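Down below is the structure, laid out as structure tokens.
Below, chains carry the letters A, B, ... as their sequence lines are ordered, and counting in each starts from 1. Because the structure is predicted, anything quoted here is derived from the model rather than measured.
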Amino acid sequence: MKIASWNVNSIRARLERLLHWLAEHQPDVVCLQELKVTEEQFPFEVLREAGYRAAVYGQKAYNGVAILARAELTDVQRGFGDEEEEAQARLIAATVDGLRVLSAYVPNGAEVGSEKYAHKLRWLDRFKGYLKEYDLSGRPLVVCGDFNIAPEARDVAHPDAWEGTVLFNPEMRAAFRELLDSGLIDTFRKHEDRGGFYSWWDYRRLAFVRDDGLRIDHILATPPLADRCTAAWIDREARKGPKPSDHAPVIAVFDWP
DNA sequence: ATGGTTGCTTAGCAA
């Protein structure tokens, strides 16, 4: 099973690119973030014609997450499913071929010390609690998304320049480690020790041509599933050319089922 | 400290 995660930065602006990418890479499951559409505006029909069903948690103009799958999607859950009200569409879960799949869009945080950064911290804390509900030791779970966190210095093109930002600081690195400590494995790091691999480059400052990127999009898996992860990579090619998303898709292949 | 770009929505916000 080939699983991808991609922050498309508007599914309407990226639909042609997404369709071409699906045809070329033939993933079984795709977790999408930053749809920037309501569920009513989501292009279910063209994706169905391309062979994909979709579970969607949309919102007007901002955020929005989805899970695409060739197989049936069951037990769809939108948001954290707790008492607290859901103001932003940032989390969706569904079961595909017996595998629980999450698509998450962690808040960016704007600036360290801002109200948005406080919201990012709260959201991550809530996410940790949400993951605790799963039996992370046994039940196969894959957590995909734009985490808006670069886990380590080797995940940042210029760590000194990015140190202290919302994407790369000690507090965020600790938050990411805690997610892993709760029983998840970074599939990319299972297969690649070297630095220099990024999933996001700012539209500004010619960041992509200068390769000033950060690895902030991740596919995490529970240990029994991670054991069955046979390959993982980032499709940097998808960031090239006209009208790209500012994120590249990340991919993991599992010997499943 | 600011700016640079993109998308949604229509001047300003979010990233």
**Atom pair distance, as rounded to whole Å: CG in A:D202 and C1' in B:dG3** = 11 Å
**Request:** Examine B:dT9: is either OP1 or OP2 under 4.0 Å from a nitrogen or oxygen in the side chain of A:R12? Give yes or no.
**Result:** yes
**Request:** Take atom P in B:dG4 and the same atom in B:dT10, then report the distance between them in whole Å.
**Result:** 25 Å
**Item:** A:D217 versus A:S199, side-chain donor and acceptor atoms under 3.5 Å
**Value:** yes
**Message:** If the cut-off is 4.0 Å, is A:R14 near the phosphate of B:dG7, judged by side-chain N/O to OP1 or OP2?
**Reply:** yes
**Any pair counted as ring-ring contact (aromatic ring centres under 6.0 Å, His included), so long as it reaches residues 209-229 of chain A, sequence neighbours left out** = A:F147-A:H218, A:F176-A:H218
**Request:** Give the rounded distance in Å between these two atoms: CZ of A:R205 and C1' of B:dA15.
**Result:** 12 Å
**Asked** At under 4.0 Å between heavy atoms, what does A:Y105 touch on the DNA or RNA strands: base, sugar-phosphate, or nothing?
**Response** sugar-phosphate
**Message:** Please report the distance separating the C1' of B:dA15 from the corresponding atom of B:dT9, rounded so that it comes out in whole Å.
**Reply:** 16 Å
**Request:** If a pair satisfies side-chain hydrogen bond (donor to acceptor under 3.5 Å, both in side chains) and one of its residues is in residues 44-57 of chain A, list it, with sequence neighbours excluded.
**Result:** A:Y52-A:R70
**Asked** Tell me: CG of A:L206 to P of B:dG4, nearest whole Å?
**Response** 12 Å
**Message:** If you assign each of A:K36 and A:P107 to its closest nucleotide in DNA chain B, which residue comes earlier from the 5' end?
**Reply:** A:K36
**Message:** Distance check needed: B:dC8 P versus A:N9 CG, whole Å only.
**Reply:** 8 Å
**Asked** How do A:S10 and A:N108 order along DNA chain B: which one's closest nucleotide is nearer the 5' end?
**Response** A:S10
**Prompt:** Within this structure, what is the CD-to-P distance between A:Q59 and B:dT9, rounded to whole angstrom?
**Reply:** 11 Å
**Message:** Looking only at the side chain of A:E34 (C-beta and beyond, no hydrogens), which of the listed nucleotides B:dA15, B:dT6, B:dA14 gets closest?
**Reply:** B:dA15
**Prompt:** A:N63 has a side chain; which of B:dC13, B:dG3, B:dA15 sits nearest to it?
**Reply:** B:dA15
**Asked** Roughly how far, to the nearest 0.5 Å, is the CG atom of A:D202 from the CZ atom of A:R210?
**Response** 9.5 Å
**Request:** Measure the distance from CD on A:E16 to C1' on B:dG7 and round it to the nearest whole Å.
**Result:** 17 Å
**Request:** With heavy atoms under 4.0 Å as the rule, sort A:R90 into base, sugar-phosphate or nothing.
**Result:** sugar-phosphate
**Prompt:** For the pair made of NZ in A:K116 and C1' in B:dG12, what is the distance, rounded to whole Å?
**Reply:** 12 Å
**Asked** Expressed as a whole number of Å, how far does the P atom of B:dT2 sit from that of B:dC8?
**Response** 28 Å
**Message:** Between P on B:dA15 and CD1 on A:I149, what's the gap in Å once rounded to a whole number?
**Reply:** 14 Å
**Prompt:** Between A:D212 and A:W201, do the side chains contain an N or O donor and an N or O acceptor separated by less than 3.5 Å?
**Reply:** no
**Item:** Nearest-Å distance once atom P is located in both B:dA1 and B:dG12
**Value:** 24 Å
